[in-house]
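Proteins get letters first, then strands, A, B, ... in listed order; numbering begins at 1 in each.
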2 protein chains.
Amino acid sequence: MVTSHPATEERILEAARRVFHRKGFDGARMQEIAAEAGINKALLHYYFRSKENLFDAVFKEAFNELINKIFTIVGSELSFEEKIRYIFNDYIGFMQKNPYIPSFILNEIHHNPARLTELINSLPNPPSGIFSQVKKSLEEEGMADIDHRQLVINIIALSVFPFIAKPLIKNIFNFSEEDFTGFIENRKKELPDFIFKAIHS
Amino acid sequence: MVTSHPATEERILEAARRVFHRKGFDGARMQEIAAEAGINKALLHYYFRSKENLFDAVFKEAFNELINKIFTIVGSELSFEEKIRYIFNDYIGFMQKNPYIPSFILNEIHHNPARLTELINSLPNPPSGIFSQVKKSLEEEGMADIDHRQLVINIIALSVFPFIAKPLIKNIFNFSEEDFTGFIENRKKELPDFIFKAIHS
DNA sequence: GTCTATATGGCGATAGAC
DNA sequence: GTCTATCGCCATATAGAC
């Protein structure tokens, strides 16, 4: 895994990202990753002993990016309202730049629950701490009656779902790629107020 | 596909559902489906010529169930408020009974966009008609200012997402299976008011 | 219709030369 | 470190007996 020729390892990882993100573990082929990286299969195994190892590196990286992105905002010192606005703007923005990651993660977490537990346990900030902080924020805002966990899931659902369902959305609304981009840009603007109205009595 | 022994074909389909829903096309094995159905691989090919054919039958069925469920409610003669309540109650209820279908559909639609277009075109009620009806409902309720397409996606996102992200949710909240069930039951109760508050000015 | 046996190809992984 | 060649296995699919 550590070598005197980092350029090759990084090229393998880039190729592996492209292929695994799109096709998942079962659909990906070592031959395709090798071709994308401009090398041959044998060299893949020289750097990362097995398909599973290579996949783990890619999965871990994507998972941490996706989770830390949101946990960093939630766990920051911003006001409650600012946090909501930042999440919708930055989190959706991240997925616009990495449109395959949400489906990739949400699909692969079903296949290996043990790895998921391990990854969550090794996060820099434990989720339990983040969530008790959310709860405290809500109490300070005088909204102690709403379940903070339901709210967190609602916010993530509204952010992530359009990217998971993109092909379906494009089809049922007859959206071009530009239409879809516009639809997402509108969400960034409209979702914060949607949430504020929903939670303020 | 049509035969004098329907019991076998139905047993194959039941087995194929169980395996494909959980593992997707790439992860499923014809051997496993045969074993689940209590027959051998050769007989699978006798009834459904290829893995792809068998998968298509399973996919089409799940897709139509998932889409028609919601389109039937949306296109019904219920009042706007009733529709919202029915969607959250019945749609979430359907997914509680079929927890693998949302992930299955949302994952596989990425792999064959052509089949998706075909399936949508063959729906009993065309989506465009359903959505113009939603728009009309909103105008009658004096809520013409909100984008009906954004609202539809929000409602579906809030319903579907917890099932797609179930392993993640259980992990980060330290939920047992019973905790998760309770969490979903609470959503059924709370989501209608969440939406009503969000859209009423 | 249902089985056993087998064809055929592709996959992950390794051996060994350079 | 990087390559070519190949092993061993397992997948889908078919042939052919009953």
Side-chain angles (χ1 to χ4, degrees), chain A residues 1-62 104 107-108 110-112 114-115, chain B residues 1-62 104 107-108 110-112 114-115:
Chain A
M1 228 86 105
V2 175
T3 158
S4 59
H5 192 175
T8 302
E9 187 174 346
E10 187 44 44
R11 268 173 45 231
I12 291 174
L13 276 171
E14 281 165 18
R17 260 174 232 135
R18 283 195 292 272
V19 176
F20 279 132
H21 286 182
R22 261 171 260 227
K23 310 204 169 175
F25 182 82
D26 292 327
R29 295 291 166 252
M30 293 297 265
Q31 174 54 50
E32 189 180 354
I33 296 172
E36 280 261 338
I39 57 166
N40 56 38
K41 281 191 296 176
L43 206 54
L44 287 187
H45 286 89
Y46 175 79
Y47 278 89
F48 299 85
R49 226 177 71 248
S50 68
K51 183 182 181 183
E52 190 112 5
N53 269 335
L54 181 52
F55 177 82
D56 275 355
V58 170
F59 182 83
K60 191 171 181 167
E61 179 190 64
F104 171 65
N107 186 46
E108 299 295 339
H110 291 275
H111 297 341
N112 193 342
R115 176 182 50 212
Chain B
M1 228 87 102
V2 175
T3 158
S4 58
H5 192 172
T8 302
E9 187 175 346
E10 188 45 42
R11 268 173 46 231
I12 291 174
L13 276 171
E14 280 165 19
R17 262 173 231 135
R18 283 194 292 273
V19 177
F20 278 132
H21 286 181
R22 263 170 255 233
K23 311 204 168 173
F25 181 82
D26 292 327
R29 295 291 166 254
M30 294 297 265
Q31 174 54 51
E32 190 180 354
I33 296 173
E36 281 259 338
I39 56 165
N40 58 36
K41 283 187 294 175
L43 206 52
L44 288 187
H45 285 89
Y46 175 80
Y47 278 90
F48 301 84
R49 226 177 69 247
S50 69
K51 183 182 182 182
E52 190 112 3
N53 269 336
L54 181 53
F55 177 82
D56 275 355
V58 170
F59 181 82
K60 189 171 182 168
E61 178 189 65
F104 170 66
N107 186 44
E108 300 295 340
H110 291 276
H111 297 341
N112 193 342
R115 177 182 49 211

Interatomic distance, [X] [atom1] vs [N] [atom2] [rounded to whole Å]:
{"X": "A/F55", "N": "C/dG12", "atom1": "CZ", "atom2": "P", "value": "13 Å"}
{"X": "B/K51", "N": "D/dC10", "atom1": "NZ", "atom2": "P", "value": "16 Å"}
{"X": "A/L54", "N": "C/dC11", "atom1": "CG", "atom2": "P", "value": "16 Å"}
{"X": "A/R49", "N": "C/dT14", "atom1": "CZ", "atom2": "P", "value": "8 Å"}
{"X": "A/L44", "N": "C/dT14", "atom1": "CG", "atom2": "C1'", "value": "14 Å"}

Under 4.0 Å from OP1 or OP2 of [N]: is there any side-chain N or O of [X] that close?
{"X": "B/H45", "N": "D/dT14", "result": "no"}
{"X": "B/T8", "N": "C/dG1", "result": "no"}
{"X": "A/Y47", "N": "D/dT2", "result": "yes"}

Pair B/E10 + B/R17, salt bridge at N-O below 4.0 Å: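 Result for this pair is yes, salt bridge flagged.
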
Side chain to side chain, B/R115 and B/F55, heavy atoms closer than 4.5 Å: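 The answer is yes, as the side chains (C-beta and beyond) meet within the 4.5 Å cut-off.
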
Residues in side-chain contact (heavy atoms from CB on, under 4.5 Å) contact with A/R29, at least two apart in sequence or another chain: A/E32, A/K51

How long is the straight-line distance from [atom2] of [Y] back to [atom1] of [X], given to the nearest 0.5 Å?
{"X": "B/D56", "Y": "B/E108", "atom1": "CG", "atom2": "CD", "result": "10.5 Å"}
{"X": "B/M30", "Y": "B/L43", "atom1": "CE", "atom2": "CG", "result": "10.5 Å"}
{"X": "B/I33", "Y": "B/K41", "atom1": "CD1", "atom2": "NZ", "result": "12.0 Å"}

Residues which pass side chain to side chain donor-acceptor pair (under 3.5 Å) with A/R18, listed by chain and number, not counting sequence neighbours: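 A/R18 satisfies side chain to side chain donor-acceptor pair (under 3.5 Å) with A/E36 once adjacent residues are dropped.
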
Side chain to side chain donor-acceptor pair (under 3.5 Å) partners of B/E14, counting only residues at least two apart: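 B/E14 satisfies side chain to side chain donor-acceptor pair (under 3.5 Å) with no residue once adjacent residues are dropped.
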
Summary of protein contacts for nucleotides 4-9 of chain D, nucleotide by nucleotide, where a base hit scores B, a sugar-phosphate-only hit scores S (4.0 Å, heavy atoms): B-----

Among C/dG12, D/dT2, D/dC3, the one nearest A/I39 by side-chain distance: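 It is D/dC3.
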
Residue mapping more 5' on DNA chain C - nearest nucleotide basis, B/L43 or A/S50: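 It is B/L43 whose nearest nucleotide is closer to the 5' end.
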
Those residues of residues 22-31 of chain B lying under 4.0 Å from DNA chain C by at least one heavy atom: none

B/H21: ring pair (Phe, Tyr, Trp, His ring centres under 6.0 Å) partners, not counting sequence neighbours: B/F104

